[in-house]
Amino acid sequence: MIEIKFFPIDIDYIEREEGIIIRIFGKTITGEKICVLDKSFKPNFLVIPEDNTNLSELLNQIKKISFEFDEKIIQVLDAELTKKKYLGKKVNAIKVFVRFTKEIKLIREYLKAIKEIKSIEEYDISSYKKYLIENKITPLSLCKVNGNIINTSLDVDIYVKGKVSQETDDILENPKVLSFDIETSNPASSVQGDNQPPIIMIGLAGSDGFRKCITWKEFKTSKKEIEFVSSEVKLLKEFKNIIKSYKPDYIVGYYSDGFDWPYIKARADFLKIDLDIGLDKKVIKFKRRAGNTSSVKINGIPHIDIWKFIKQIMSGDVASGSLQTQSYSLDSVAEEILGENKISLDILDLSDAWENNKGLEKFCLYNLKDAELCLRIFEKITPNINELVKIVSQPIYDVSKMTYGQLIENYLMKKTVDFNEIILKKPSFGERKARRYNTYTGGFVFEPKPGLYENLAVLDFRGLHPSIISAHNICLSTITDDKENSNESPEIDGIKFHFSYKEEGFIPQIVKELIERRIRIKEIIKKNESPVLKARSYALKIIAAGFHGYTGYFGARWYSIECSAAILAYARFYIKKLISKVEEFGFTVIYGDTDSVFIEIGNKNKDDILKFLKDFNNELPSLMELELESFYERGIFVGKKSAKTGAKKKYALINENKEIKIRGFEIVRRGWSNISKNIQRKVFEFILKENNVQKALDYVRKEVNEIKNKKLNMEDMVIRTQLNKNINDYESIGPHVAVAKQMLKKNIKVGPGSIIQYIVTKGTGLIRDRAKLVEDATDYDADYYINHQILPSIQTIFEVLGYKKEDLLEDEDQSKLKSFVKNG
DNA sequence: ACGCCCTGCTTACC
DNA sequence: ACTGGTAAGCAGGGCGT
C-alpha cells in the first residue's frame, strides 16, 4: 500500500465484467501524470417505501432481484436501509447498489410493479458525478489515493488502484496548457464532406512558452516556430505527436467545439487517420449537447472551448468584473481581456496565398498568434473557471461548458450531502412542456419623467433576490398551507404564499452561506485585492443571484414557480416601499428598476441621503441591505420614440469624476452603425460633461451635412445583426437575413450565431433589397443613415432639451437665429 | 403606392 | 433548449384605401 497526493483533472469510468470502475486522471504534487482506479463506488439509487411498509421485508425482496435481459443477468448487488430527508421531511429509504449504470433503468422498471414502493429517486445522475458528490471530492483540489501501483499501457507515469479522498482545498497551480488553432485553404468555404478544403496550418501555443505552426507547403523563412511537413496527412499526424509528447493537462481552443475539432474530425475521417489522443489511447468523442452543437471529449485531457465559457458565464451584463464586449470574436475578446489584438490581415486572402505559395509566412504567424491569444485569454480567466470548479465540485471539462442553470443545479446537488437531502429528479419531457407555460410577474420598473437632472443619488439593494430568499426563508422545503408560524408573501393575483419559519430551508441556508461568504471576501478584497479573490467573489455572486431564475426554470430539479413568484413579489414590495420612503423623506424619485432608485437630491444634500440610507437599513431584515451605488452630477432620461411617456431602461449619467455611464441607448446596442453611436456619444459628452446644448446641436448639424456631402468611411456605416435561426426558419425577412442569403450564395458560411454585417446602399424598395455585404457596397445611402441611424439615436435626447427633429437638420444660419430668439 | 397597425425579431436592463 | 421577467424599437407583413 502506498499513498500518493494528486490533483484530479479528468474523471470518467470504465466497464469491467464485475461492474464499473471510477477512473481519475490527474497530476501528482511532483508533476507526474497519474491515473487512479477507484473501485469503492457502486452505481446506486434510492427506493422510498410507502408508509407503514415492512422495511426489512422489502429490503430482502430488493436484495434478491435478479433477472435476465438481452441475454444478460441483471441483478441488485446490495441494498441497505437508510434515513434521508425529502425537502426537509424525514423519510426511510433503501439505497440500492448495482454493477452498471445502465442497469439502473432496467431495475427501476422492474421495481415499478412493487406496490410497497412509493417512489424511486436519484436514478438520473451520472456515476462520476455521484461519485464526486458522495465522496466530497473536488476536482483540481488536492486529493490522496491509498492503494497499489499496477502496470499499464496508458499514457501516464503512475497507475494506481485504490481509494481516493480529499486532502485540502489547495488547487492545481500552473497547469500545463496547450492551445491550438487551425486554418483551412479556403476560410470562407461552407462546403462540407469530402470536398471540404484541407487543413493547411495548425498553430500551437503552450503555457511554458512552446510555439509552433505546422504547415505543408514549404517556403523560405527564418522563423523557427514554423515547421514544414509534406502533406495534410503528415500535418494531422504531427499534431497528434505534439499532443502526445507535450503532455498537456488541458487542451484549449477558441470556438474549437464549434469549428476546429469538427473540422479536424471530418478531415481525419476522410484521410483515414485515427484521432487516438486520449491518455487511454482512445479516440476523441463528440458528445451531443443542446441545439446542434457538440463538445469534444478527450479521455484524460480536459478540452476547454473558452469561447463557450466566455459567452455563457463571463458575458456582458452580469458583473462589473466581467466582459463588456458585444461580439465574441477572438479579436474583440482578446482586446477586452488582454488589451491586445489579432494580427491584422484579411484571412480571405489565404486561399490565393496558399494556391500560389506566396506570402504564407504572415498567415502562419497570424495562425500562431491566434493560438497564443487563446492561451493567454485562458490563463487570464483560469481563476474564474477554477473558482466555479471549487464551488460546484465537478470536473473542469464539465464546468467550463455549464450554463448558469447547470452551475446552480450542480451546486445544489453537491450540497445535498451536507443536508442529507435527496437529489430531486429531472422533470420529464411532459413536465417540462407543461412548466413552460407557467410564468410569473417580475421586477417593478418606475417610469421616469424625461428631463435633464442635476445632483442625483442612486441607491440599490445588495443582492436583492438572494437576500429575500434568505430573509423570508423561501424554499420548496418550507412552502406550507399553515398560515401560523410562517412568513406570508405579498399578494400575487389575490394569492399569498406561506413559508414556514420553523426550520431554515435547504435553499435559504445555502444562499445565506453564499451571501455571508461573499461579504467576508469583499472585506478582504478591500484591504488586499487579488484576481483569485475577485474571481471567487464573482463566482459566489453569480451562483447566489441565479437561484430565483433557477427555481422558475422549467428544466430545474428544484423547480418551484411559487418560490420564484414569491421572491419577485417580495422584490416589488421592497422597491415600492423604498420609493415611498424616499418620497416621504422629501426627495424626488426619478427612476428605478427592480432593485434601484434614482433620486434627485434637490434642495437637500448628500448627508441627507446617507441619513436616509441608515434609517432605511435599520428597518430591513438581516442580510438585506440598501447601498449607495453612487452620486451623479447630472443625468438625462428621455421619452419613448413612439409615445409621450418616459422610456425605461435608458439613461445617461455623469459622476463627480466626469465618468459617463450609459444604459440602454444605441451606443451600447449592437445593431447600430458606428456613425450613429459616435455621434450619440459626442452629444452626451457635450450635454453631460460641458452642459452645452448649443455645441451639441452645432456638432450634429455639421455631422449630418458631412454624411450628406462627403463620402465618409464605409466602415462606420456597417450595421451588425446576429442571425439566431437557420435562414429558412425566418418568417420575416429582415435586412440581416437577406444579407445572410447573399452570403450563402457566395459559399460563405453563415448560420445561427453568425453576426451579419451590412451597409445600406442607395436605391429604391425595401431596406433589405438595398442592404449589401460590406465588400459589395460601393456607396451608402445618406438619407437612410440620417433618417434611420443618426436622427433616431439623438432625437429623443434633444426633445428633452426643447428641440424638435427639424431643428437638427436646419442649416447653421437659421439655427443661430432660432436659438437667439429662443434664448432672448 | 401609401399609411396604418400588428408581429417578428433583436438586443438591451436588472 | 438549457436562469427568469421587463422593455425599447426596427423593419417587414398584411390590410385598407
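Convention: sequence-line order gives letters A, B, ...; per-chain numbering from 1.
At a threshold of 4.0 angstrom between heavy atoms, the contacts of A:Phe444 with the nucleic acid are absent. Nucleic acid contact class of A:Thr441 (heavy atoms, under 4.0 Å, all strands): sugar-phosphate only. A:Gly552 comes within 4.0 angstrom of the backbone, heavy atoms only, and of no base. Nucleic acid contact for A:Tyr784: sugar-phosphate only, since backbone atoms but no base atoms lie under 4.0 Å from a heavy atom of the residue. Across all strands shown, A:Gly546 has no heavy atoms under 4.0 Å from either base or sugar-phosphate atoms. At a threshold of 4.0 angstrom between heavy atoms, the contacts of A:Asp460 with the nucleic acid are absent. Heavy atoms of A:Thr551 sit nowhere under 4.0 angstrom from any nucleic acid atom. In this structure, A:Arg768 reaches the sugar-phosphate backbone alone: every heavy-atom distance under 4.0 Å involves primed, P, OP1 or OP2 atoms, never a base. Residue A:Ile733 is classed as a sugar-phosphate contact, given heavy-atom separations below 4.0 Å to backbone atoms only. A:Gly405 comes within contact range of the sugar-phosphate backbone alone, with a heavy-atom separation under 4.0 Å but no base atom that close. When heavy atoms are screened at a 4.0 angstrom cut-off, A:Ser564 is found touching no nucleic acid atom at all.
Straight-line distance from the CZ atom of A:Arg436 to the P atom of C:dG5: 10 Å, rounded to whole Å. The interatomic distance linking A:Lys648 (NZ) with C:dA8 (C1') rounds to 11 Å, in whole Å. In this entry the distance linking CD of A:Gln312 with P of C:dT3 reads 8 Å, nearest Å. One atom, OH of A:Tyr785, and another, C1' of C:dC10, lie 14 Å apart when rounded to the nearest Å. Distance, A:Met402 CE to C:dA1 C1': 16 Å, rounded to whole Å. One atom, CD1 of A:Ile408, and another, C1' of C:dG4, lie 10 Å apart when rounded to the nearest Å. The NZ-P distance, from A:Lys426 to C:dC2, rounds to 16 Å in whole Å. To the nearest angstrom, P of C:dA8 lies 12 Å from CZ of A:Phe665.
No side-chain donor from either of A:Tyr570 and A:Asn487 sits under 3.5 Å from a side-chain acceptor of the other.
Residue order along DNA chain C, read from the 5' end via each residue's closest nucleotide, puts A:Tyr553 first among A:Tyr553 and A:Thr439. Comparing A:Asp769 and A:Leu568, the nucleotide of DNA chain C nearest to each residue sits closer to the 5' end for A:Leu568.
Closest approach to the A:His736 side chain among C:dT3, B:dC9, B:dC14 is made by B:dC9 (side chain taken as heavy atoms from C-beta onward). When distances are taken from the side chain of A:Tyr730 to each of B:dC9, C:dG9, B:dT11, the shortest belongs to B:dC9. Closest to the A:Tyr651 side chain, of the nucleotides C:dC10, C:dG4, B:dC14, is B:dC14. For A:Tyr440, counting side-chain heavy atoms from C-beta on, the closest listed nucleotide (C:dG4, C:dT6, C:dG13) is C:dG4. Of the candidate nucleotides C:dG5, C:dG12, C:dT6, C:dG12 has the atom lying nearest to any side-chain atom of A:Ser732. Among the nucleotides C:dG4, C:dC10, B:dC14, the one closest to the side chain of A:Arg663 is B:dC14. Candidate nucleotides C:dA11, B:dT10, C:dC2 were compared by shortest atom distance to the side chain of A:Arg432, and C:dC2 ranks first. Nearest nucleotide to the A:Lys725 side chain, out of B:dC9, B:dT11, C:dA7: B:dC9. In the set B:dC13, C:dT6, B:dT10, B:dT10 carries the atom at the smallest distance from any side-chain atom of A:Asn724. Residue A:Lys650 places its side chain closer to C:dA8 than to any other of C:dA8, C:dG5, C:dA11.
Taking the C1' atoms as reference points, C:dC2 lies 23 Å from B:dG8, given to the whole Å. A gap of 27 Å separates the C1' atoms of B:dT7 and C:dT3, to the nearest Å.
The distance between the ring centers of A:Phe598 and A:Tyr453 does not fall below 6.0 angstrom.
Few gaps surround NZ on A:Lys641; more than 12 heavy atoms of other groups in view lie less than 6.0 Å from it. The local environment of CG in A:Asp493 is sparse, with at most 12 non-hydrogen atoms from other residues, nucleotides or ligands closer than 6.0 Å.
Listed by chain and number, the residues in a side-chain contact (heavy atoms from CB on, under 4.5 Å) with A:Lys804 are A:Glu806, A:Asp807 (sequence neighbours excluded).
Checked by distance alone, A:Arg669 brings a side-chain donor or acceptor within 3.5 Å of a matching partner on the base of B:dT11.
In this structure, the side chains of A:Ile519 and A:Leu623 come closer than 4.5 Å at one or more pairs of heavy atoms.
Taken from NZ in A:Lys415 to CD in A:Glu421, the straight-line distance is 12.5 Å, to the nearest 0.5 Å.
Here salt bridge (charged side-chain N to carboxylate O under 4.0 Å, His left out) pairs that include residues 545-560 of chain A, with residues two or more places apart or in two chains, are A:Asp124-A:Arg557, A:Glu409-A:Arg557.
In terms of phosphate contacts, A:Gln406 brings no side-chain nitrogen or oxygen within less than 4.0 Å of OP1 or OP2 of C:dT3. Checking the phosphate oxygens (OP1, OP2) of C:dA11, a side-chain nitrogen or oxygen of A:His788 falls inside 4.0 Å.
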